[in-house]
Amino acid sequence: MTSLDDRAVVILAGGTGGAKLADGLHRSLAPGALSVIVNTGDDVERHGLLVMPDHDAVMYLLAGLADQERGWGLVDETWSTIEMLARYGEETWFRLGDRDFGTHLARSRRIADGERLTIACLALQRALGVATRVLPMSDDPVRTSVRTADGWLTFQDYFVRQRQEPTAIGVRFDGADEATPTPEVLAAIEAASLIVIGPSNPIVSIAPILAIGRLREALAQARAAGTRVFAVSPIIGGRALKGPADRMLASLGHDVSAVGVARIYAGLVDLFLLDTVDADLAPPIERLGMRAASLDTVMDDEHARARLAGQLLALR
Ligand code: FO1
């Protein structure tokens, strides 16, 4: 058996495409070589507990516990707690499963006892046997809101309660200006030989991470020092495979294409990876000052994830 690549890699990720590529890299790299920096703008307090959808999506997927059909939460889930909460008249449009509640209880207890968010998350990951570090972008709260014709909605209100139906005419990341990256995030960026911006929603999954000034600076410094920075398009053939990224790009005035996404990342990345169906978009992307490469980027199963991760690592 060939030995796994142990050069340090960082991926910036939200909950879906980014999580899948993180899983592929996790499978392709030596244990501990990968750090995932996750968006916390989707985090939300429910029933007195902190819920971290993007962190938990990555942690569950890497632990082999994710319900991949539903697209969020845990496998073999049951729903007795939320049903009981509904009987008490609590708001239950945001569905938390019984097993998932265990995660939020354990993490919230640690935070109430004074642990930093990152330390609490790392403890949960270790308990699930996940060697990759899944790092919240900051220990400070950052919360995404989406502006619609009826006003501002908190992210989960827009995403789950309103099923992403209202047109997004603005986004904001409350707390991002004051938030600082954690020492763990800065150390991971500094140690990385490759940093990947995963195929997550550029508007509400990656932008909150990049909105933290000191983190964005750290990426630029790493790049200036020779670290390669790659981005993978979440838009394939003009559409997002999952979620509202395509509609959000359109309503916020961006091109709904890999070029539109590449424009958002111009100046930050060395190489932009697009799907083979979009290979003809390579020239306009290269005119933005980055290399472009095309591969089959659809990650239907774990083999496809590991294959894409391996191909990406080979482009370093
Ligand atoms: N997504 C839904 O569509 N409906 C839900 O009720 C829901 C509950 C939920 C609970 C915990 C969790 O970690 C994620 C959950 N999600 C749910 C997914 C989540 O809202 C989004 O997928 C992400 O925030 C977007 O990346």
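Worth knowing before you read on, the calculation uses all heavy atoms, side chains too, and leaves out hydrogens, waters and symmetry mates. In each ligand, atom 1 is the first atom listed, and ligand 1 is the first ligand listed.
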Contacts of R110 meeting side-chain hydrogen bond (donor to acceptor under 3.5 Å, both in side chains) (sequence neighbours excluded), chain-then-number -> E115
Here the side-chain hydrogen bond (donor to acceptor under 3.5 Å, both in side chains) pairs for residues 93-102, sequence neighbours left out, are Y60-D100, T78-D98, T81-D98, E91-W93, D100-H104
(Q) Between R305 and E302, does any NZ, NE, NH1 or NH2 come within less than 4.0 Å of an OD or OE carboxylate oxygen? (A) no
(message) Whether R291 and D270 form a salt bridge (side-chain N of Lys/Arg under 4.0 Å from carboxylate O of Asp/Glu) is what I want to check.
(response) no
Residues with a heavy atom under 4.0 Å from ligand 1, by chain and number, are D42, V51, P53, D54, W72, W93, F94, R95, L96, D100, F155, Q156, F159, V160
- Does a side-chain N-to-carboxylate-O contact under 4.0 Å join E184 and R133? no
Sequence neighbours excluded, the answer for side-chain hydrogen bond (donor to acceptor under 3.5 Å, both in side chains) partners of T180 is D140
